[in-house]
Amino acid sequence: MSSLAVEKNIFSFILVLLLYLLFSLLQENGGACASADEAAALFNWKTSFQTQNTSLLTSWNLRPMNHKNASGLPQQCTWFGITCINGSTNRLNLTNASVKGTLYNFPFSSLPNLEYLDLSCNELFGTMPPQIGNLSKLIYLNLSANQFSQEIPPEIGYLTNLLVLHLRENQLNGSIPASLGNLKNLSYLSLYNNSLSGVIPPEIGNISKLLYLRMSINNLSGPIPPEIGKLASLQSLGLSKTNLTGSIPKELGNLTNLTILYLFGNKLSGSIPRELGNLKSIMTMELQKNQLTGSIPTSFGNLSKLKTLFLNHNRLTGSIPQELGKLTKLVVMAMDHNQFSGHLPQNLCPNGTLTYFAVHNNLLTGQIPRNLKNCSSLVRARFSGNQLTGNLSEMFGIYPHLHFMDLSNNSFYGELASSWGRCTNLTTLLIAKNKITGSIPPEFGNLTLLHVLDLSSNNLSGEIPIELGNLIFMLKLDLHENLFHGGVPQVLGLLTKLLYLDLSINSLNGPLPGNLGYFQELYLLNFSYNNLSQKIPIQIGRLTQVCLLDLSHNSFRGEIPSEFGNLQNLEALNLSHNSLSGLIPKNIAQLPGLLKIDVSFNNLEGPVPYGKAFQNVTIQQLQGNRDLCGNITGLQPCGSLSEKPVRKKGHKLILLIVLPVLGAVLLSYVVAGVIISSARRKRCRRAKDGNVKDDDLFSRCIFDGKAMYREILEATEAFNSFFCIGEGGYGRVYRAELESKKIVAVKRLHHLSETADRKAFLNEVNALTEIKHRNIVKLHGFCSTAQHSILVYDYLERGSLAKVFHIDEEAKKLDWKKRVNIIKGVAHALSYMHHDCSPPVVHRDITSNNILLDCDYEAHVSDFGTAKLLKKDSANWSALAGTYGYVAPEFAYTMKVTEKCDVYSFGVLIMEVFKGKHPRDLIPRLQSSAPGDIELEDLLDQRLQYPAQKILEILMPIIRIARSCLHVDPQSRPTMHFISRSLSVATPFPGDLDK
């Protein structure tokens with residue numbers, strides 16, 4: 001090579017080197033400038049924060065341009081939460097940094113290389129600026145758990161490189177932008193817990209790489225778009241609590257990689273697609289709290305990886321498929337609050353993995369599957385509110401992990417097994433409302449963690465075991481309505497954490513232990529309907545938190561403890577039907593929370609105290625105490641009571657002389673009265689039509705019977721049909737306005753044969769004069785002449801329930817709340833007649849025509865023309881009475897009158913109240929053990945809006961009660977006392993249905 005060529009090459013090399021150095025220098029200066037721009041822009045954003053003193057951002061400070069840091073990096077690259085590549089900001093992570101501000105000054109255009117932005121868990125507010133679409137290289141965006149509001153900007157669809165988008169837990173509203181469908185690379189999309197509205201855009205189905213999609217807890221509407229079924233890679237889908245409607249698209253069955261499916265808490269309807277059985281990877285499926293109908297697809301037996309299945313709170317019917325027994329990995333299974341019927345799958349818990357099992361509030365029959373006895377993994381199990389049966393002592397085993405067991409409201413029989421005492425982790429055991437017999441095993445004392453024990457409404461007997469005193473963590477003990485006898489164990493006083501103690505309706509006797517006063521947190525104490533005696537312990541006055549105290553229907557004597565004045569939280573006090581004496585303590589009347597007090601049927605005396613507790617008291621709550629007085633309707637004023645004379649020895653002689661003479665005089669008057677009365681009755685029978693004479697009238701009335709009779713004849717123009725307001729099987733009913741302006745209903749009996757007419761008439765009189773109940777029509781009196789036999793009742797403004805149902809506009813006013821209260825009122829009335837009257841009274845003609853409504857739509861049972869007073873030691877055979885369609889089937893061939901006849905009629909009435917008309921052909925299907933294709937809509941009045949979920953939860957147990965009332969076997973029907981108490985417990989107080 002020549003020297004010239006060498007020189008030329010050297011020159012070229014030097015030139016290239018110089019150019020490279022020059023380029024490097026220019027690049028360094030340009031990068032520094034760009035870096036300085038980023039730092040300045042980020043710092044400017046920081047200055048807009050409302051919290052400048054956050055310790056994590058102290059490093060965010062600008063330095064002079066010529067200042068060099070130790071690392072030689074651009075200054076923002078050393079700030080907290082920032083990482084750089086080639087001197088440019090690549091990642092910005094300020095999660096949970098206590099930042100409070102907006103994005104209005106965020107440098108969207110100054111961060112061209114930003115790929116990762118995490119501002120979650122701060123206090124950022126305001127809108128998301130549309131400039132967010134300038135971050136074109138962004139692959140991760142997390143703005144969750146802030147306070148962003150208004151709409152998601154559609155410009156977010158420009159971030160086509162995004163892999164992750166989290167906007168959850170903000171206050172975003174408006175619709176979901178369809179432009180999200182442009183994010184073809186997106187794997188995670190989280191929008192849940194906002195206020196987004198509108199429909200789910202079908203463009204979501206274009207995000208083919210999506211693995212995770214969550215939109216739950218929003219205000220969305222419309223159906224689930226079937227396009228979601230195109231997301232073949234999807235592993236988790238959450239669309240719960242978003243108000244979605246329509247059916248579940250069968251296209252979701254294409255998501256074979258799906259492991260989690262959340263669709264609960266919507267308004268989804270229709271059946272569950274059998275295609276969901278194709279979700280071979282599914283582990284969690286939650287479809288609860290919708291309006292799904294139909295049956296569970298048998299294809300669910302193919303979901304071999306399924307661990308959690310929630311189908312509860314829907315309207316599903318049919319049987320629970322036996323194929324679910326193939327789900328060997330199932331841990332949680334909830335089917336409660338549906339209308340499932342038939343038997344449970346026989347192979348539940350095949351591999352011992354089941355921990356939570358709930359099928360309560362359905363229509364299931366048969367026995368508990370045998371393999372559940374060996375399912376030692378159980379933690380919570382709920383079977384209540386079905387028609388399950390079988391010997392309880394043979395069905396369950398030992399469950400070392402069991403915390404909660406509910407077997408209430410079924411038909412289990414047999415005795416309580418001592419093996420329950422080995423389930424030592426139990427905190428709640430509920431076996432109420434069954435047919436359990438025998439005693440409580442002493443081994444129950446080993447359940448030292450027990451918080452709730454409810455064995456009420458069974459046939460348990462024996463004494464309450466003292467071992468229950470070991471259950472020191474007990475909060476609720478309910479043993480009411482059993483056959484327990486003996487005394488109340490002193491050891492119950494050791495259960496100092498008790499909140500609720502109900503031992504009512506048993507045969508307990510002896511005194512009430514004073515150490516019950518140690519229950520400092522107790523809010524309910526009920527010992528009513530026992531045989532307890534002696535004085536009420538003054539220690540009860542220490543129960544300062546008690547709200548309801550019921551000691552009624554016992555044999556307590558002595559005075560009401562003045563210590564009751566310490567019960568500042570007391571709302572209801574019932575001491576009725578005892579042998580209490582003395583004065584009512586004045587301090588009770590001043591209790592601030594006492595709203596209802598009942599001291600009737602005791603031996604109390606003196607004035608009724610003045611105060612809030614007695615402000616609205618009625619005579620019914622005070623009656624049966626001969627020496628009470630006060631300014632209350634039905635009581636004598638205290639001033640009218642003469643002072644009791646002071647006894648002196650000198651008076652004894654006078655009494656010894658006067659009393660025999662006075663007795664003889666009185667006896668002569670009685671004999672004369674009997675003779676005169678007999679003569680009057682004879683003349684009354686001989687009388688012919690014409691003017692009524694005073695001695696023609698046979699009357700019994702709280703008014704002047706003769707005057708009232710004449711008033712009624714005048715007010716009704718001698719029973720002119722113009723005043724007729726109704727007609728029953730035994731007579732017509734007339735409206736009469738008396739001279740006192742009081743309006744009464746007058747029932748004039750038909751003229752049957754004298755014997756039949758008199759018998760029906762006297763039956764009704766005898767029944768009604770002894771009955772006083774708020775839900776039974778009040779009888780003011782009766783009159784009988786040769787012309788007429790009449791009964792005088794309270795007039796009820798709205799007339800009969802049947803009349804209301806026949807007028808559409810009136811029927812619509814009877815909303816679900818009013819209808820439930822009508823059912824409860826009739827149940828309380830019948831319970832009173834059957835169980836509180838002696839002898840019991842059977843109505844025998846419970847129909848909608850005989851249920852009258854007052855102005856507040858409260859029900860009152862009327863028309864006792866066919867009532868029968870029962871004596872338990874008599875056969876009580878009678879002629880057929882009642883109304884077709886309501887008469888119990890056994891009455892037609894046995895002709896035997898029992899309380900269960902009324903129970904059957906009450907079951908028909910319940911269904912009539914719900915349907916708005918007689919259920920007719922539905923009754924045989926309701927009596928069937930498997931109601932078949934009956935839909936809930938078939939049982940409801942179509943003139944009313946379909947009930948909301950909260951109301952459905954109240955109606956469903958009542959429908960189950962109706963079905964039990966309609967049982968063809970009278971002995972299998974519940975008692976009205978059981979029904980009345982069940983309705984009181986299972987339904988809310990008036991007003992709660994509106995919530």
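Count residues from 1 along the sequence.
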Under a 4.5 Å cut-off applied to non-hydrogen side-chain atoms, are Asn312 and Met335 in contact?
-> no
Kindly compute the distance separating NE2 (His337) from CD (Gln288), expressed to the nearest 0.5 Å.
-> 12.5 Å
Using modelled atom types only, decide if a donor and an acceptor are shared between the side chain of Ser457 and the backbone of Lys433 within a distance under 3.5 Å.
-> no
For Tyr523 and Leu548, run side chain to side chain contact (heavy atoms under 4.5 Å, CB included): C-alpha distance rounded to whole Å, both residues' side-chain angles, the deciding distance at 0.1 Å, then the answer.
-> CA-CA 6 Å; Tyr523 72 84; Leu548 188 152; over 6 Å; no
How far does CE of Met911 sit from CD1 of Ile823, to the nearest 0.5 angstrom?
-> 8.5 Å
Starting at OH of Tyr262, measure out to NZ of Lys241 and round the result to the nearest 0.5 Å.
-> 12.0 Å
Tell me yes or no: between the side chains of Ser216 and Ser240, is some donor less than 3.5 Å from an acceptor?
-> yes
Asp854 CG to Glu797 CD distance, which is reported to the nearest 0.5 Å = 6.5 Å
Residue among Asn290, Thr245, Leu239 satisfying side-chain contact (heavy atoms from CB on, under 4.5 Å) with Leu268 | Asn290
Could you walk me through whether Asn266 and Thr242 pass the side-chain hydrogen bond (donor to acceptor under 3.5 Å, both in side chains) check?
-> CA-CA 6 Å; Asn266 285 293; Thr242 54; 2.8 Å; yes
Charged N to carboxylate O under 4.0 angstrom, Lys950 versus Glu953?
-> no
Report, as yes or no, whether the 6.0 Å neighbourhood of atom CD on Gln620 holds more than 12 heavy atoms from other residues, nucleotides or ligands.
-> yes
Are the side chain of Asn314 and the backbone N or O of Leu287 linked by a donor-acceptor pair below 3.5 Å?
-> yes
Check whether any side-chain heavy atom of Ser848 lies under 4.5 Å from a side-chain heavy atom of Leu909, and answer yes or no.
-> yes
Using a strict cut-off of less than 4.0 Å between a Lys/Arg side-chain nitrogen and an Asp/Glu carboxylate oxygen, indicate whether Asp941 and Arg943 qualify as a salt bridge.
-> yes
Is it true that the side chains of Glu912 and Tyr886 contain a donor and an acceptor less than 3.5 Å apart?
-> yes
Do Leu196 and Met215 come within less than 4.5 Å of each other through their side chains, counting heavy atoms only?
-> no
Modelled atom types, side-chain donor and acceptor of Arg798 and Tyr857, under 3.5 Å = yes
Would you say Leu940 and Lys915 make side-chain contact, with heavy atoms under 4.5 Å?
-> no
Could you tell me whether the side chains of Ser456 and Asp454 share a donor-acceptor contact shorter than 3.5 Å?
-> yes
Side-chain contact, heavy-atom cut-off 4.5 Å: Phe914 with Ile910?
-> yes
Counting distance only, does the side-chain N/O of Ser800 pair as donor-acceptor with the main-chain N or O of Asn850 below 3.5 Å?
-> no
Under 3.5 Å, is there a donor-acceptor pair between the side chain of Asn361 and the main chain of Asp336?
-> no
Considering residues at least two apart in sequence or located in another chain, which fulfil the salt bridge (Lys or Arg N to Asp or Glu O under 4.0 Å) criterion with Arg274?
-> none
Using only heavy-atom distances, determine whether the side chains of Glu858 and Asn821 contain a donor-acceptor pair under 3.5 Å.
-> no
Is a side-chain N or O of Arg973 found less than 3.5 angstrom from the main chain of Val903, in a donor-acceptor match?
-> no
Cut-off 3.5 Å, side chains only: do Asn526 and His480 have a donor facing an acceptor?
-> no
